[in-house]
Amino acid sequence: MGIDIEIGPRGVGWVPQACTLPTVEQPLRVAEFDDLFATVVTKAQRRDRTTLVLELERIPEHAARAADLMVRESGCCSFFAFSLKVSGDGLELAITVPQAHADVLDALAAQVSTATGPAV
């Protein structure tokens, strides 16, 4: 069983067709993710097929920004599970999906790589 990923003129390649966010708002949400990835993510690691872990700069505003975006995203794509963990020297955002939505996570991981550049 695969998942349909919408790839259209907007370039919103990781947004699944099952997303309930109004179509007109999807490019704005993708832009928010791209900005978060480009400005806050210091490292990305694919833990397994269904889990992507992002290390973020450990700054309270970054944690709040990531949490706000994750709450809003889980409202339209309820299959995402987000975990934000603060440790002594780090801030980790884990994104998990069911196996049936691993293709969406593949596309999201590619988007992280594009937004952060080859150094991450």
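The chain is numbered in sequence order, starting from 1. This is a predicted model, so every value here is computed, not measured.
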Name the residue from Arg47, Lys43, Arg58 that meets the salt bridge (Lys or Arg N to Asp or Glu O under 4.0 Å) definition with Glu92.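 That would be Arg47.
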Find out whether [X] and [Y] are in side-chain contact, i.e. whether some heavy atom of one side chain is under 4.5 Å from a heavy atom of the other.
X     : Y      : result
Phe80 : Leu108 : yes
Arg49 : Asp103 : yes
Met70 : Leu36  : yes
Leu69 : Phe82  : no
Leu54 : Val40  : no

Testing the basics here: between [X] and [Y], what is the closest heavy-atom pair and its distance to 0.1 Å?
X     : Y     : value
Thr51 : Arg46 : O-CD, 3.4 Å
Pro98 : Thr50 : C-CG2, 4.1 Å
Leu91 : Glu57 : CD2-O, 3.5 Å
Leu84 : Ala67 : CD2-CB, 4.1 Å

Give a yes or no on whether Ile59 and Val41 share a hydrophobic cluster (residues Ile, Leu, Val, Met, Phe, Trp, Tyr; joining criterion: side-chain heavy atoms under 4.5 Å apart).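 No; Val41 is not reachable from Ile59 via cluster members.
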Are Phe33 and Val112 co-members of a hydrophobic cluster defined by side-chain heavy atoms under 4.5 Å apart?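 Same hydrophobic cluster.
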Donor-acceptor check, side chain of Thr116 to backbone of Ala38, threshold 3.5 angstrom: yes or no?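 Checked: no pair found.
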Between Ser78 (side chain) and Ser74 (backbone), is there a donor-acceptor pair under 3.5 Å?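 A pair under 3.5 Å: no.
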Check this for me: does any side-chain nitrogen of one of Asp34 and Arg29 sit under 4.0 Å from a carboxylate oxygen of the other?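 The answer is no: the pair does not qualify as a salt bridge.
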Test: Glu32 and Arg65 ion pair at under 4.0 Å: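 Not counted as a salt bridge, because no side-chain N and carboxylate O are separated by less than 4.0 Å.
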How far does OG1 of Thr42 sit from NE2 of His62, to the nearest 0.5 angstrom?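 Rounded to the nearest 0.5 Å, the OG1-NE2 separation comes out at 10.0 Å.
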Among Val53, Leu52, Leu56, side chain to side chain contact (heavy atoms under 4.5 Å, CB included) partner for Leu93: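 So, applying the side chain to side chain contact (heavy atoms under 4.5 Å, CB included) to Leu93 and each of Val53, Leu52, Leu56, only Leu56 qualifies.
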